[in-house]
Amino acid sequence: MLSSFRHVMTKGPAKYVTAVIMFLLIGSFGLWGVEGWLQGTTSTDVATVGGTPISSNAFSEAYRRRTTMITQATGQAVTPDLARTLQIDKQVLNSLIAETALDLQAKKLGLGLDQASMVQAVMNDPSFQVSQPGKPPAFDPNAFRRLLQDNGLNEDMFFARQHEFYIRNQVNQAFAEGGPVSQTMLQAGARFNQEKRNVSYFVLPQSAVGDVGQPEAAALQSYYDEHKGQFRTKELRSLTYLLVTPAQIDAMATVTDADVQARIDSEKDKAAALEQRTVEQIAFPSLDEAKAAAARIASGQVTFEGLVAERKLTPDDTSLGTLSRSQLTDPKIAEATFGLAEGASSGAVQGTLTNVILKVTKIVPATDVIRAQLQQQRAQESLKNLRDTVEDERMGGTPLKDIAAKLKLQVASVGPFDAQGLDAAGKQVDFPLSAQVLPALFKTEQGSDPESIDGREQGLMWFSLDSVVPSRERTLDEAKADVVAAWAADEKANRLREKADDVVKQLNGGKSLDEVAKSLTVQVMPAWDLTRSGQNAPIPAAAVNAVFATPLKGFGSSISANGTDRIIFHVEDNVVPELDFKAADTIANGKQLSAAIGQDMMAEYVTKVRDQLGVTINQTNVDRTVGTGSF
């Protein structure tokens, strides 16, 4: 079904590192107007750059990576509606077009990188280095290993993808030094960041305007007519939902000993290779250090665990996880690992990128691995069958309650409540996956079948919209108490603003701040060393902004921190530190400005290359790939 297909299209393999880097780079270009480049075509490509196609498969993979990244970062699944709102399709396509343009330009410039240089580039990458006291940064194989595991990559896959990135980065390096930064620019930046202002101020309380009383009938009617929208009732909705948890899915899938044996018999050549081992390792900068440590373990001077503690390593530093031989990307480490008995540690092993001592803490037999694989496979099949059954029933018009009864599952009904999940009394209504369901529920039209909600560990949910209590205007009589309260609040704010303006007028007319404060029985207070950042300021950010918008020796007013009182201030003086062009801060600021200029130049360069090559986009294929088009 279409909804099942869309569900699959929003899932995908884990992200890999270049997606993040290139997204940040290309993000500076903004969302260009792709509509101006659309052209019809019969191919399945989503775009071409200088005649080079970007396939729908490549776009689909990048799109899935991007949605997965957002889900991992926010903990919230990316629904098709949310993806459209965030314009993820344009972001991803923009990145792929820019990457392809850079690849073509790099090829035109004859840029390349051999394997040895690739390995060295990885080892020199700060992302994979660790610093120890008294020693220069060194390659950390654990950081490299974690990146591969987190992104579902082996070394060959990683290097293949990074090769393209490093080639593109050679173009980027041409702009890495940035552009020239003038002294005027440095001075302007320093003044903006470092200028300090000293003010004296007092707080004019709302009580200074007294009681505003009750509005006359005509005034109240006029206020109500002007603000009807804020006194409307909220739309309320009710729903019925069917939630299937992972535990329920697992219970639907059973695996017997006979099932395991049948798999072994059918895949005798592969079964043995499925054995897994839980492995820990200690990495060393040199093979000699690894040999010396292994000798200490062999002689009984120290245990593997003692060496871990001695080197102050964490489980993240040492754990490789539970892996099969094929999942250990370094062949020498794989050979050593699968030559160890459970609980045994190895001698020094010289891997491709690191030198290690290994320990196998647990051996998982192939039969256990096969059982787990079968269980997972059958659970996935059960989930797919359940999803298909529910979707087919819904497409046939069967109510969710009847579907649940057929499948012997439980449903629940909740509501009515508003878009924030509050009932008519303002009490929060609690139900599973509410953060994901609420936005979808209030976009759903009555009679439609909304998309299922994937709650990951919480389960899979289907819901139906049961009833809608529309928002409506309340009459003045119904809302009178709220209207009077709102009128009073606005009236007090207006009168206090007028009074503050009058006070500032008196101050500009020659009265002193102390004199006016004394007449109002309020206290003058100092606020020294204010900066535009407003850090550690005794007055709120709005008042700080007003201070820096006011001329020296001038007076002004602003809202106070409580949102009701007003602050009356006098800008006493300012301090602008003399710029020392040799100071460390000035040099650092200059480098930041230069780097920013370089990034702008790089963005302009890529845009120029892209425009010179020419770009065409097949929006129909883009829509089909992300599940918004027709087939």
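Side chains are part of it too, since the values below use all heavy atoms of this structure and drop only hydrogens, waters and symmetry mates.
Atom CG of Asn621 and atom CZ of Phe59 lie 10.0 Å apart (nearest 0.5 Å). Between atom CG of residue Leu530 and atom CZ of residue Arg197 there is a gap of 9.5 Å, rounded to the nearest 0.5 Å. Expressed to the nearest 0.5 Å, how far CG of Leu186 lies from OG of Ser594 amounts to 10.0 Å. Distance check, rounded to the nearest 0.5 Å: CG of Asp89 to CG of Asp623 gives 7.0 Å. For the atom pair CD (Gln281) and CG (Leu320), the distance works out to 4.0 Å, reported to the nearest 0.5 Å. A distance of 7.5 Å separates CD of Gln436 from CG of Asp454, quoted to the nearest 0.5 Å.
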Derivation and outcome, side chain to side chain contact (heavy atoms under 4.5 Å, CB included), residues Leu86 and Ile70: CA-CA 11 Å; Leu86 296 176; Ile70 295 173; 4.2 Å; yes
Take Arg237 and Glu235, measure what side chain to side chain contact (heavy atoms under 4.5 Å, CB included) needs, and give me the verdict at the end. CA-CA 7 Å; Arg237 296 192 171 202; Glu235 179 181 306; 2.5 Å; yes
Let me see the working for Val279 and Thr322 under side chain to side chain contact (heavy atoms under 4.5 Å, CB included), right down to the final yes or no. CA-CA 6 Å; Val279 193; Thr322 302; over 6 Å; no
Full working for side chain to side chain contact (heavy atoms under 4.5 Å, CB included) between Arg387 and Leu460: CA-CA 9 Å; Arg387 185 194 294 275; Leu460 183 66; 3.8 Å; yes
For Trp462 and Glu391, run side chain to side chain donor-acceptor pair (under 3.5 Å): C-alpha distance rounded to whole Å, both residues' side-chain angles, the deciding distance at 0.1 Å, then the answer. CA-CA 9 Å; Trp462 290 269; Glu391 296 290 355; 3.3 Å; yes
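Side chain of Asp418 to backbone of Gln420: a donor-acceptor contact under 3.5 angstrom is found. Side chain of Arg610 to main chain of Glu99: no donor-acceptor pair is present (N/O by atom type, distance under 3.5 Å, no hydrogens or angles). With hydrogens and angles ignored, the 3.5 Å screen pairs a side-chain donor or acceptor of Ser448 with a backbone N or O of Glu445. Checked by atom type and distance alone, the side chain of Ser56 pairs as donor or acceptor with a backbone atom of Thr44 at under 3.5 Å. Side chain of Thr607 to backbone of Ala603: a donor-acceptor contact under 3.5 angstrom is found. Remark: the backbone N or O of Lys196 is not paired with any side-chain donor or acceptor of Asn574 at under 3.5 angstrom. Thr444 places a side-chain N or O within 3.5 Å of a backbone atom of Ala440 that can act as its donor or acceptor partner. For Gln428 (side chain) and Gly421 (main-chain N/O), a donor-acceptor pair under 3.5 Å exists by modelled atom type. A distance-only check finds no donor-acceptor pair linking the side chain of Thr48 to the backbone of Gly51 [under 3.5 Å].
For the side chain to side chain contact (heavy atoms under 4.5 Å, CB included) test, residues two or more places apart in sequence or in another chain that qualify with Asn355 are Leu287, Ala290, Gln350. A search for side chain to side chain contact (heavy atoms under 4.5 Å, CB included) contacts involving Asp600 returns nothing, not counting sequence neighbours.
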Please tabulate, for the side chains in residues 544-558, all donor-acceptor contacts under 3.5 angstrom to protein atoms that are two or more places apart in sequence or on a different chain.
residue : atom : partner : partner atom : Å
Asn545  : ND2  : Ala541  : O            : 3.4
Thr550  : OG1  : Ala546  : O            : 2.7
Lys553  : NZ   : Glu572  : O            : 2.6
Ser557  : OG   : Arg566  : NH2          : 3.2
Ser558  : OG   : Ala543  : N            : 3.4

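Looking at heavy atoms from C-beta onward, Leu441 lies in side-chain contact with Leu465 at the 4.5 angstrom threshold. The side-chain heavy atoms of Pro540 and Ile567, taken from C-beta on, include a pair separated by under 4.5 Å. Side-chain contact between Leu593 and Met185: present, with at least one pair of heavy atoms (C-beta onward) separated by less than 4.5 Å. At a threshold of 4.5 Å between non-hydrogen side-chain atoms, the residues Thr531 and Asn536 do not count as touching. Considering only heavy atoms from C-beta on, Val46 stays 4.5 Å or farther from Ile617 through its side chain. By the 4.5 Å heavy-atom criterion applied to side chains, Val437 and Ile453 are counted as neighbours. When side chains are defined from C-beta on, Pro246 does not count as touching Glu457, because their heavy atoms never get closer than 4.5 Å. Here the side chains of Pro526 and Tyr201 are not in contact, with every heavy-atom distance at 4.5 Å or above.
Minimum heavy-atom separation, Asn198 to Trp528: CB-CE3, 2.9 Å. Minimum heavy-atom separation, Val356 to Thr354: CG1-CG2, 3.7 Å. Considering every non-hydrogen atom in both Asp45 and Ser55, the closest pair reads OD1-CA, 3.6 Å.
With hydrogens and angles left out, the side-chain atoms of Ser182 and Thr184 include no donor and acceptor closer than 3.5 Å. A donor-acceptor contact closer than 3.5 angstrom is absent between the side chains of Thr314 and Asp316. No hydrogens or angles considered: a donor-acceptor pair under 3.5 Å links the side chains of Asn562 and Ser560. Checking Thr52 against Thr100 by side-chain atom types alone, no donor-acceptor pair falls below 3.5 Å.
Annotation for Phe442: atom CZ counts as buried by contact number, over 12 foreign heavy atoms lying within 6.0 Å. The number of heavy-atom neighbours closer than 6.0 Å to CD of Gln535, taken from other residues, nucleotides and ligands shown, is 12 or below.
Ion pairing of Glu61 with Arg65 is present here, as a side-chain N (NZ or NE/NH1/NH2) and a carboxylate O approach within less than 4.0 Å.
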